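This one's a predicted model, so the numbers in the text were calculated from it and none came from an experiment. Sequential numbering from 1 along the given sequence is applied to the chain's residues.
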Amino acid sequence: MRLKGGDSFIFGRGGEEVEAVRAAGIEAHVTPGISAALAAGAQAQIPLTHRDAAQAVTFVTGRPKLGGPDLDYSALAASTHTLVVYMGVAVAAPLSRRLVEAGRGLHHARLAGAHDFV
């Protein structure tokens, strides 16, 4: 048995673990959890979507796979959607700079956690 809090399929490698277990011929069961982004927004009473401000929400990782594709900062800079960055504290400054360079305004609210910022 493997126990993991939150949603292990949102940057939690749950998909990789299930693939490996099934490849080994072991039956796998997953009980869904609540993602940190949804829980943090609700706890702070900050909606991730809102009809007047954000019609979409995008989840990205602050720690992409080395050698993998870069984030599409132009798409992420859209002012009409919420951007949630997992594991983003270490990259908050350069990520913010790249988003502003791509057109995201400085006025957008930020919610910071120990490991994430929204």
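Within the structure, salt bridge (Lys or Arg N to Asp or Glu O under 4.0 Å) contacts touching residues 85-96 (residues at least two apart or in different chains) do not occur. Sorted by first and then second residue, the pairs that involve residues 23-39 and meet side chain to side chain donor-acceptor pair (under 3.5 Å), not counting sequence neighbours, are E27-H29. Pairs of residues two or more places apart, or lying in two chains, that qualify as side chain to side chain donor-acceptor pair (under 3.5 Å) and include a residue from residues 6-17 are R2-E17.
V57 and F11 fall within a single hydrophobic cluster, where Ile, Leu, Val, Met, Phe, Trp and Tyr side chains are chained together by heavy-atom contacts under 4.5 Å. Hydrophobic cluster membership differs between F9 and L38, with clusters built from Ile, Leu, Val, Met, Phe, Trp and Tyr side chains linked at under 4.5 angstrom. Linking Ile, Leu, Val, Met, Phe, Trp and Tyr residues whenever their side-chain heavy atoms come within less than 4.5 Å places M87 and I34 in a single cluster.
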Listed pairs under 3.5 Å, donor-acceptor, residues 60-73 side chains, sequence neighbours left out:
{"residue": "T61", "atom": "OG1", "partner": "R63", "partner atom": "N", "Å": "3.0"}
{"residue": "D70", "atom": "OD2", "partner": "R98", "partner atom": "NH2", "Å": "3.1"}
{"residue": "D72", "atom": "OD1", "partner": "S74", "partner atom": "N", "Å": "3.4"}
{"residue": "D72", "atom": "OD1", "partner": "A75", "partner atom": "N", "Å": "3.2"}

Anything under 3.5 Å between a donor and an acceptor, one on a side chain of residues 40-53, the other on a protein residue two or more places apart or in another chain? List them.
{"residue": "H50", "atom": "ND1", "partner": "D52", "partner atom": "N", "Å": "3.0"}

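In this structure, E19 has no salt bridge (charged side-chain N to carboxylate O under 4.0 Å, His left out) partners at least two apart in sequence or on a different chain. The salt bridge (charged side-chain N to carboxylate O under 4.0 Å, His left out) check on R97 picks up E101, with sequence neighbours excluded.
Side-chain contact between T58 and V84 is absent, with no heavy atoms from C-beta onward closer than 4.5 Å.
Hydrophobic cluster of V21: the remaining members, joined at side-chain heavy-atom separations below 4.5 Å, are I26, listed by chain and number.
Proximity of a side-chain donor or acceptor of R104 to a complementary backbone N or O of A78 within less than 3.5 Å is detected.
Residues Y86 and A36 come closest through the heavy atom pair OH-N, 3.6 Å.
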